[in-house]
Amino acid sequence: MNLRSFLSRDATLNRVVPPSGFTAILTLVSSGVMAFLAVFTLALAMAAGDLASNWEAELAGTATVRITASDDVLEAETEAVLTALSQTPGVVSSRRLDLSEQLELLAPWFGTGLPLDELRLPVLIDIMETAEGPDRTGLEQRLAAEAPGAVYESHGRWRAPLVEAAGRLRTLGYFALFLIAVVTGVMITLAASTSLAANAQVVDVLRLVGAKNGWITGAFVLRFTVRAILGAFIGTLVGIVAVALMPGGIETGILSGLGFQGAEWIWPVLVPIIAGGTAAGATFLSAGRTLRSAL
Amino acid sequence: MNLRSFLSRDATLNRVVPPSGFTAILTLVSSGVMAFLAVFTLALAMAAGDLASNWEAELAGTATVRITASDDVLEAETEAVLTALSQTPGVVSSRRLDLSEQLELLAPWFGTGLPLDELRLPVLIDIMETAEGPDRTGLEQRLAAEAPGAVYESHGRWRAPLVEAAGRLRTLGYFALFLIAVVTGVMITLAASTSLAANAQVVDVLRLVGAKNGWITGAFVLRFTVRAILGAFIGTLVGIVAVALMPGGIETGILSGLGFQGAEWIWPVLVPIIAGGTAAGATFLSAGRTLRSAL
Amino acid sequence: MIELDKVAVSFGDRTLFSDVSLILPPGSFHFLTGPSGSGKTTLIRLCSMEMQPNSGQVQLLGKTVSGLSQNNVSAMRQRLGVVHQDSRFIDHLSVAENVALPAAVTGKTGRHTEYQLEELLAWVGLAGQAKNLPPELSGGERQRAALARAVMLSPDVLLADEPTGNVDWDMSIHILELLIELNKLGKTVLCATHDLNLIRQAKSRVSAKVLRLHGGAIEIAGAGL
Amino acid sequence: MIELDKVAVSFGDRTLFSDVSLILPPGSFHFLTGPSGSGKTTLIRLCSMEMQPNSGQVQLLGKTVSGLSQNNVSAMRQRLGVVHQDSRFIDHLSVAENVALPAAVTGKTGRHTEYQLEELLAWVGLAGQAKNLPPELSGGERQRAALARAVMLSPDVLLADEPTGNVDWDMSIHILELLIELNKLGKTVLCATHDLNLIRQAKSRVSAKVLRLHGGAIEIAGAGL
Ligand SMILES: Nc1ncnc2c1ncn2[C@@H]1O[C@H](COP(=O)(O)OP(=O)(O)OP(=O)(O)O)[C@@H](O)[C@H]1O
Ligand SMILES: Nc1ncnc2c1ncn2[C@@H]1O[C@H](COP(=O)(O)OP(=O)(O)OP(=O)(O)O)[C@@H](O)[C@H]1O
Ligand SMILES: [Mg+2]
Ligand SMILES: [Mg+2]
């Protein structure tokens with residue numbers, strides 16, 4: 001004990017709230033554990049989000065227009081279709097397939113030895129669509145008018161449930177994240193109030209020796225905030241390590257989004273800050289309530 | 001206060017641990033919140049598991065064998081392939097496609113007006129596979145020997161990443177569940193120890209009036225276990241309601257696994273029981289430690 | 001300095017005081033006696049702003065207590081020294097830190113305070129226990145530490161609730177001497193005690209009045225104590 | 001009944017007792033005095049198995065304390081009544097429940113206990129406060145409640161640490177009478193007090209010995225008290 005340094009206001013502010021014991025551990029561990037969960041959920045939500053985006057981008061983007069018509073109008077209708085497609089919002093690009101490409105498409109079904117010359121093959125136009133895709137009814141009406149032999153086939157159709165699932169996965173992830181944030185707030189608030197309640201005697205003595213409410217509140221807010229930040233920091237670190245060690249870590253597979261990249265790092269970095277803010281707010285409010293009720 | 005009833009042992013056992021106040025709230029809320037998270041993660045993990053199973057079942061199960069051969073050996077090779085397939089483990093069923101079915105397959109590419117008679121179409125055999133599928137190399141070797149014109153095409157190949165993703169999703173879900181279970185244990189243990197520490201004076205007084213360690217431990221274990229079970233029960237209920245209210249609830253879509261069905265209900269029902277067990281164990285150990293250190 | 005005007009206090013349906021009035025002028029020295037449970041501690045708690053009367057008014061240091069803002073209460077507490085019957089400390093701070101607390105929370109730091117603290121601890125006989133924690137003190141040592149803390153900031157008013165309840169006679173006299181000394185410096189002193197010998201001893205040294213609480217009423221005890 | 005044999009106690013590097021021996025025969029009545037901080041409470045804590053000496057032996061009710069199993073300690077505590085200087089209660093239980101606690105935790109329930117409880121509360125003057133919570137009691141009321149709790153199970157040994165520290169003279173005599181009554185029933189009584197008047201008063205009623213703690217040694221105070 002260095003009395004001279006204790007007598008300085010800041011040192012007292014720091015010392016009056018018990019530095020150890022179960023109330024200290026409670027705040028520390030609660031915020032640590034919740035931060036760990038938050039980081040973990042964050043990683044999962046982001047992975048789910050990335051996954052959903054990937055699937056949407058990869059799978060939702062292709063369609064075909066098939067044009068079957070007599071030779072004299074075939075080329076004209078093809079031109080009309082390409083023009084129509086180029087003017088349709090939701091279509092990224094459209095391209096007529098040449099003969100060899102068509103052959104390739106058929107290979108799974110017929111092998112490569114197909115006598116194509118003998119067939120009058122329809123013209124196939126490959127379309128890249130945006131995630132939302134074009135307005136189908138509008139497009140089909142226009143095609144019916146300008147190229148009666150054209151049929152629009154969206155390959156994305158069978159993929160729709162997947163895209164839907166991916167989207168739902170993302171929603172779930174963010175919902176879970178929201179949930180964890182709320183729960184984290186609740187737990188840290190609870191820990192701070194518990195600690196404060198357990199330290200009723202300290203508050204009592206401080207009031208009796210004439211400490212102002214602001215000073216007492218300050219002492220508790222300071223201590224609990226530091227503790228919550230420290231706990232959350234450790235929890236976040238452990239969370240990041242755990243995420244990195246997860247099965248199917250950063251390198252491989254379609255869940256490669258697990259782990260944080262680039263700007264995503266802002267989120268785990270925010271966790272201790274938010275935990276600290278929550279603890280500060282909760283302590284401030286609890287202390288206010290406690291002190292108001294005492295005379 | 002009814003003194004006569006207090007004097008009965010059981011009533012005392014029930015009354016000596018503070019029935020309200022912050023230590024009561026702590027155990028109650030902690031176990032409630034953690035139970036909520038546990039139920040929620042459980043639902044997600046199960047949904048992910050169901051999703052993965054669905055995908056695997058739905059997507060991994062189809063393949064084709066295409067036989068291109070001269071007319072004289074075509075039928076023989078077809079027979080040979082069907083025989084071979086029927087003897088291959090991992091193949092659920094195999095069936096030769098008839099002409100109209102082949103036409104249907106080609107329709108997206110060529111429309112329905114294809115002059116099929118003019119073509120010498122290969123024979124197509126549709127295969128339903130188990131989730132694992134057959135041993136491909138073995139099958140291909142056998143086909144090469146018995147029907148040189150046969151080519152095995154797994155439609156599942158492009159689906160492999162999806163199946164992999166689904167599997168990984170399931171792993172993640174169960175890992176998260178494991179994590180939540182551990183964290184729940186930690187939080188309930190922490191809450192119980194905190195409450196016990198905060199009630200040091202009660203323990204102290206009880207020891208001074210001659211209560212045996214077992215009796216004191218019993219009082220705390222009883223109270224905390226009841227509290228943890230109650231909290232977890234409420235948390236579980238709220239969790240189940242929250243899961244039912246989730247976007248894309250029980251009815252629709254590929255994530256229809258969200259929510260509990262049939263035997264799955266055993267898991268959320270287990271949550272309060274496990275929470276109670278954890279609280280009982282934690283309190284028992286903490287109390288033991290506290291009491292051993294006191295004389 | 002302290003004025004109670006028609007103060008009534010009740011707990012639940014039990015009325016402790018129904019109409020107590022009292023004036024302690026600045027610089028006066030009063031003893032407060034009365035049987036156990038007569039309300040000595042309650043009266044001191046009224047004076048130290050730890051509770052409010054159900055009706056009536058308490059005036060302290062020239063201000064009416066009811067309706068004071070909390071910061072005002074805090075500021076007034078700094079001019080008030082209170083020794084509680086059950087002395088409360090911050091258990092993880094050393095005895096010296098606890099005694100210095102009133103100075104520390106108000107920023108009255110520096111060499112002078114430190115010197116004063118050492119002197120005070122020596123005076124109450126706790127120099128050797130300065131670095132101990134409060135739970136390690138004996139009953140009498142706790143009371144002395146509480147007294148030292150109460151006078152740390154040289155308050156204008158000293159309220160002492162049984163400051164000699166747990167100490168032997170020699171130490172009681174020693175503590176009485178400190179109270180008298182403070183009173184001679186112009187401080188107002190109110191000391192609750194059940195030790196009539198102490199009061200007798202004091203009366204030969206200082207012009208102290210003795211207030212007797214009995215049956216919810218306050219009376220000035222005569223010379224026939 | 002109680003035997004201390006070459007007991008040494010030190011806190012940190014401070015030695016409180018270096019070699020204290022003491023025998024309290026069954027049915028004896030002893031006072032324990034000594035200045036504040038001389039170790040009265042420590043001695044009582046040794047006898048109530050709340051602490052162990054650094055060296056030496058404590059014998060209690062015919063058993064050596066060190067190495068007793070915890071269940072044995074509990075069982076012996078039921079034959080031991082202790083009034084602490086700072087009486088501790090379970091704050092959310094009523095005064096009556098607290099006083100009845102020793103009976104409740106050992107399952108000694110029923111009409112008789114209830115009747116005894118009521119009588120005991122009336123005897124210490126707490127019948128009106130039976131349903132209050134301990135924090136609502138006055139200092140003296142707490143001490144009386146602690147005394148009532150200590151004698152609830154008619155213990156063989158009563159250890160009382162300043163049982164009259166916070167009560168007025170009349171109540172002190174009242175409490176002393178209870179102690180004497182218990183002693184007459186054959187109980188061993190050890191009562192720490194700094195109130196020499198109380199000891200003088202007792203000496204005329206019971207053959208009490210006075211032990212004086214001073215400078216870490218124990219001496220039997222003569223008649224010249
Ligand atoms: N918060 C409370 N609730 C109910 N009763 C109370 C409360 N505080 C005090 N009392 C009662 O008021 C009476 C007076 O209490 P007080 O502490 O003022 O007595 P006292 O004169 O200081 O006694 P002592 O000498 O024993 O310390 C007591 O009977 C006590 O039980
Ligand atoms: N746990 C402890 N750690 C350090 N010192 C202690 C501890 N317990 C007691 N002491 C010291 O031992 C000495 C004797 O304490 P004890 O409580 O036995 O005194 P006492 O005779 O009961 O005094 P009082 O009359 O004031 O109650 C005191 O100086 C005290 O500070
Ligand atoms: Mg009092
Ligand atoms: Mg003592």
Side-chain angles (χ1 to χ4, degrees), chain C residues 11-14 16 33-45 84-88 124-129 131-145 161-172 174-175 192-199 212-214 225, chain D residues 11-14 16 32-45 84-88 124-126 128-129 131-145 161-172 174-175 192-199 212-214 225:
Chain C
F11 299 111
D13 49 4
R14 182 170 162 230
L16 186 61
T33 67
S36 175
S38 59
K40 301 182 291 296
T41 299
T42 305
L43 198 77
I44 287 192
R45 280 164 54 84
H84 290 92
Q85 197 166 6
D86 55 330
S87 26
R88 279 160 284 173
V124 295
L126 290 177
Q129 271 88 0
K131 294 187 179 179
N132 285 24
L133 298 180
E136 297 170 352
L137 293 183
S138 82
E141 286 164 355
R142 283 178 77 84
Q143 269 184 327
R144 287 178 272 152
D161 195 356
E162 310 259 16
T164 63
N166 276 309
V167 297
D168 53 292
W169 180 245
D170 291 348
M171 185 52 76
S172 296
H174 193 58
I175 288 173
T193 182
H194 62 263
D195 191 343
L196 301 187
N197 289 326
L198 191 73
I199 299 180
R212 216 181 118 74
L213 268 173
H214 195 74
L225 193 74
Chain D
F11 299 110
D13 49 3
R14 179 169 164 230
L16 187 60
L32 183 62
T33 65
S36 175
S38 59
K40 300 183 293 296
T41 299
T42 305
L43 198 77
I44 287 191
R45 281 163 55 83
H84 290 91
Q85 197 166 5
D86 55 329
S87 27
R88 278 159 286 173
V124 295
L126 289 178
Q129 270 88 1
K131 295 187 180 180
N132 285 24
L133 298 180
E136 297 169 353
L137 294 183
S138 81
E141 287 164 353
R142 283 177 79 84
Q143 268 184 327
R144 286 179 272 151
D161 197 356
E162 311 258 17
T164 63
N166 276 309
V167 296
D168 53 293
W169 180 245
D170 292 348
M171 186 51 77
S172 296
H174 193 59
I175 288 173
T193 182
H194 62 263
D195 190 342
L196 301 187
N197 289 325
L198 191 75
I199 299 180
R212 215 180 118 74
L213 268 173
H214 195 75
L225 195 73

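Protein chains get the first letters and strands the later ones, always in sequence-line order, with residue 1 at the start of each. All values below were derived from every heavy atom in this structure, side-chain atoms included, with hydrogens, water molecules and symmetry-related copies excluded.
- Closest non-hydrogen pair, Ser36(C) versus Asp168(D), comes out as N-OD1, 3.0 Å.
- Within the 4.5 angstrom heavy-atom criterion, no atom of Ser172(C) approaches chain D.
- When heavy atoms are compared at a cutoff of 4.5 Å, Asn166(D) approaches chain C by way of both its backbone and its side chain.
- Contacts between Gln129(C) and chain D at a heavy-atom distance below 4.5 Å involve the side chain alone, from C-beta outward.
- Residues Ser138(C) and Gly37(D) share a closest heavy-atom pair of OG-N, 3.7 Å.
- With a 4.5 angstrom heavy-atom cutoff, Thr42(D) does not touch chain C via any of its atoms.
- Taking Met171(C), Arg144(C), Glu136(C), Glu162(C) one by one and counting their heavy-atom pairs under 4.5 Å with chain D, the maximum is reached by Arg144(C).
- The residue among Thr193(C), Asp170(C), Val167(C) with the most heavy atom pairs within less than 4.5 Å of chain D is Val167(C).
- Of the atoms belonging to Arg142(D), not a single heavy atom falls under 4.5 Å from chain C.
- Put simply, CH2 on Trp169(C) and CG on Asn197(D) are 8.5 Å apart, with the number rounded to the nearest 0.5 Å.
- Rounding to the nearest 0.5 angstrom, the gap separating the CD atom in Glu141(D) from the OG1 atom in Thr41(C) is 9.5 Å.
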